[in-house]
Amino acid sequence: MNDFKALSEAVNKGDNKTALVEVQKSLDAGSSAEEILNKGLITAMNEVGDKFSKGLIFVPQMLRSAKTMQECTNLLQPFFQEGDITSKGKVLIGTVKGDLHDIGKNLVSMMLEGAGFTITDLGVDIPPEKFVEKTKEVKPDIIGLSALLSTTMPAMAQTIEALQKAGLRDQVKIIIGGAPVTEKYAQQINADSYAPDAGSAVNKAKALLGIS
Amino acid sequence: MGKSLPVFKPLPPADVRRIDQASRQILKRIGIRIKDDAILDKLKKAGAKVDYHNQRVRFEEEWLDELLSRAPSKFTLYSRDEKHNLPLGEGEVHFANGGRVFRIINIADGDYRLTMLKDIAHTATLVDRLEHIRFYVIACQAHDVEPQYYHLNDFCNAFNNTNKHVMGGCDNVEGVRQVWKLASLIAGGEDRLRKKPFFSVITNPISPLTIGPNAAKILSFCAIHGIPVTCASAPIAGATSPVTLAGTLAQMHAEVLAGISITQIFFPGAKVLYGAVPTTMDLRNMEFSMGSSEMGMMSAAAVQLSKLYHLPIRASAGVTESKRPDIQSGVEKSFSNLMVAMAGADCVLLAAGMLDSGNSVSYEQYAIDNEIIGMVYRVLSGIRVNKETLSLDVIEQVGPGGNYIMEEHTVDCMREEFFYPGLSIRYNFDIWEERGHPDMLSRANDMVHNILTEHAEGKDGLLGTDMLREIRKTFPEIKNI
């Protein structure tokens with residue numbers, strides 16, 4: 001039996017090293033990967049989310065916890081049985097062509113990762129063709145497009161058009177974000193959703209896939 | 001938190017001395033009028049030059065210095081729970097609200113009315129809960145209480161709603177005596193109150209150069225009973241003092257030194273604060289101007305004058321002529337609060353709740369001012385420079401092109417480095433729109449509502465059931481308790 005108390009504390013603190021040691025200990029003691037994930041990691045992340053929504057902790061703390069959770073999940077990966085659900089969904093994310101800003105996109109990636117999504121981050125200044133190519137390769141559930149500048153926003157529309165032409169548009173949900181981006185613009189360019197900040201990106205992504 | 005640097009000195013040292021010299025000339029040549037013969041007798045016995053015909057007391061320099069040297073340079077204004085004690089003369093700045101207004105403005109419906117006893121209970125509750133307002137000043141006149149008992153009722157309601165130190169302006173010595181009796185009961189005896197006085201009294205000279213009989217009697221009573229007291233000079237430049245800032249400062253400084261030295265005759269070593277409320281008159285139309293730039297400048301200069309004699313000062317700031325929490329009130333309050341705090345005042349009164357030239361309060365303004373004061377405290381605490389804050393290790397670790405958001409160093413230092421406002425809007429545009437276009441005022445409104453609702457759901461009050469029963473028995477004049 002294992003109450004995962006030390007693991008939960010480590011995830012709450014965002015203490016990577018201790019968390020990984022605790023996961024290994026639990027595995028050695030005979031806990032299943034699924035049990036460690038559900039009773040240890042996810043329960044701890046729910047606590048973290050709760051503290052964040054009450055304003056008790058700040059974004060960096062939540063992100064550190066999310067990262068700790070992610071590394072623990074990676075360690076568990078080989079031990080999952082067939083049928084264990086380990087990912088909420090696959091997200092392909094990048095800053096669109098002509099735009100070099102990445103802080104907002106990185107925040108969204110980390111938050112999604114912490115919430116259990118699997119992320120493929122293409123980086124910045126990504127042309128439409130690259131999004132198309134990677135979509136074929138990764139087969140994401142969601143594509144996230146980021147732009148900070150009003151001058152690079154049109155590249156979002158071009159990316160969506162390129163996906164349309166390649167016949168991939170119907171296979172993915174597209175979510176966009178960035179300072180100048182609005183809900184209205186998302187509708188105009190045929191995106192599925194828009195998130196005004198990193199926290200709501202998680203909720204929007206879950207809503208798009210119909211999960212909670 | 002709140003250690004002053006102090007960095008703002010509107011007067012160069014030579015000018016501080018020139019103003020002080022002028023004040024000493026005023027006290028020596030012109031003197032102060034004290035309109036109470038019994039007090040004049042006392043002062044004469046103590047060595048004053050008294051002109052009974054004109055009720056004038058003149059201060060020879062040596063005698064003045066002897067008296068001033070008796071005044072303590074450090075003492076503490078206690079809170080009842082001792083969690084909010086206010087050490088004076090230690091370089092700390094303590095902000096408080098302002099007092100004795102007659103009107104309250106209800107922001108939600110734009111209505112206004114005379115203030116009542118419940119407004120004292122409510123404002124005391126707000127100050128108790130707002131962390132940057134460090135002590136409570138009796139905020140307003142209770143128009144629903146008979147005049148002979150309002151000080152007693154005011155202070156009792158304040159004590160029941162905040163544990164922080166309570167200061168109040170008093171009109172007559174009988175009122176002070178009633179409050180002292182009440183406080184002695186709460187403290188568990190006169191001696192215990194004398195040791196750790198958790199209330200203090202403000203009285204005022206009448207500019208120019210007059211101390212009325214009530215003020216003199218209050219100074220005497222407080223000195224003898226160990227109640228910290230301020231004789232706060234409040235000249236209006238251009239009306240009750242010279243139009244020049246230097247002249248107003250010279251006259252104000254003289255009035256304050258006179259008040260302090262008299263207190264030291266009544267009881268050597270009496271706890272007394274230098275009190276300064278210099279304001280201006282807009283002579284275009286004879287409109288009183290508390291929120292003027294000159295008010296802040298003179299108040300900061302008053303700190304320099306008080307420190308010449310190592311006296312703790314109760315200065316003033318955060319006042320405005322505006323009738324609502326708006327752009328004018330934000331500008332005027334921030335200006336003077338910052339100037340006076342950066343000058344290193346021990347206490348800064350009037351800094352919360354007030355609008356309308358000190359004639360009105362609004363509950364929302366307490367919350368807004370709490371935030372302004374929080375920003376001022378952040379400025380006072382300065383930029384920390386040490387090995388950890390210089391961050392070389394983490395800069396190396398992140399290297400070119402990374403970011404610092406998830407670094408342990410960020411988490412370790414983030415709370416201390418920034419002031420996190422509770423009312424200012426920092427949402428991005430869409431979130432702001434989603435939340436119904438909030439602003440500082442609407443959020444202040446919510447905050448006040450939450451504090452007062454939560455409070456109403458609470459119990460008896462901070463004094464506790466047994467003490468309240470005792471108080472009701474001893475003081476049948478107290479209402480609402």
Side-chain angles (χ1 to χ4, degrees), chain A residues 10 12-18 48 51-52 55-71 100-111 113-114 121 123-125 148 150 176-186 193-201 203-204, chain B residues 129-132 367 370-371 374 378 384 388-389 391 393-395 397-440 442-444 446-447 449-451 453-454:
Chain A
N12 266 280
K13 278 191 194 155
D15 177 354
N16 232 328
K17 280 184 202 153
T18 311
V48 171
K51 279 194 273 186
F52 178 71
L56 298 173
I57 60 168
F58 295 178
V59 168
Q61 290 163 298
M62 185 172 56
L63 292 175
R64 283 171 65 82
S65 293
K67 184 156 189 232
T68 303
M69 156 121 183
Q70 196 52 41
E71 294 203 7
L100 300 171
H101 297 89
D102 70 348
I103 281 275
K105 167 193 62 83
N106 291 349
L107 275 176
V108 171
S109 296
M110 288 189 274
M111 299 280 273
E113 207 162 27
D121 185 350
V124 298
D125 191 17
L148 181 74
S150 52
I176 66 173
V181 179
T182 61
E183 184 82 58
K184 202 173 156 207
Y185 184 70
S193 189
Y194 147 80
D197 61 18
S200 40
N203 295 333
K204 294 283 174 90
Chain B
R129 292 283 303 277
L130 296 167
E131 65 166 313
H132 304 300
N370 179 61
E371 184 139 314
R378 177 63 194 90
R384 294 187 301 146
E388 189 189 28
T389 62
S391 314
D393 290 346
V394 71
I395 292 171
Q397 202 173 311
V398 169
N403 72 64
Y404 293 85
I405 296 167
M406 284 178 66
E407 296 303 316
E408 196 170 357
H409 181 266
T410 305
V411 173
D412 288 347
C413 299
M414 66 188 179
R415 285 180 195 261
E416 205 176 333
E417 285 295 306
F418 303 155
F419 169 70
Y420 295 96
L423 301 179
S424 292
I425 300 299
R426 288 182 167 180
Y427 307 130
N428 69 36
F429 198 92
D430 304 310
I431 301 277
W432 172 74
E433 208 172 22
E434 214 176 275
R435 300 203 175 175
H437 314 106
D439 59 20
M440 213 170 174
S442 68
R443 292 182 87 188
D446 292 344
M447 183 189 258
H449 180 78
N450 289 342
I451 291 176
T453 312
E454 207 174 281

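Letters A, B, ... mirror the listed sequences (proteins, then strands); counts begin at 1.
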Interatomic distance, T410(B) atom OG1 to L63(A) atom CG [nearest 0.5 angstrom]: 10.5 Å

Heavy-atom pair with the smallest gap, counting every atom of V411(B) and Q61(A): CG1-CG, 3.6 Å

Segment of D102(A) engaging chain B (4.5 angstrom heavy-atom cut-off): neither

Separation of E408(B) CD from D15(A) CG (nearest 0.5 Å): 8.0 Å

Exercise: identify the closest heavy-atom pair between R64(A) and M406(B): NH1-O, 2.7 Å

Proximity breakdown for Y404(B) and chain A, heavy-atom pairs closer than 4.5 Å: neither

Separation of D197(A) CG from I431(B) CD1 (nearest 0.5 Å): 4.0 Å

Interface moiety of E433(B) toward chain A, non-hydrogen atoms closer than 4.5 Å: neither

Nearest atoms (heavy-atom pairs only) where D430(B) meets V181(A): OD2-O, 3.5 Å

Contacting moiety of I103(A), where chain B heavy atoms sit under 4.5 Å: side chain

Over 12 non-hydrogen atoms of neighbours within 6.0 angstrom of NZ in K51(A): yes

Under 4.5 Å from any heavy atom of chain B - which part of M110(A): side chain

Backbone of A179(A) reached by a side-chain donor or acceptor of N428(B) within 3.5 Å: no

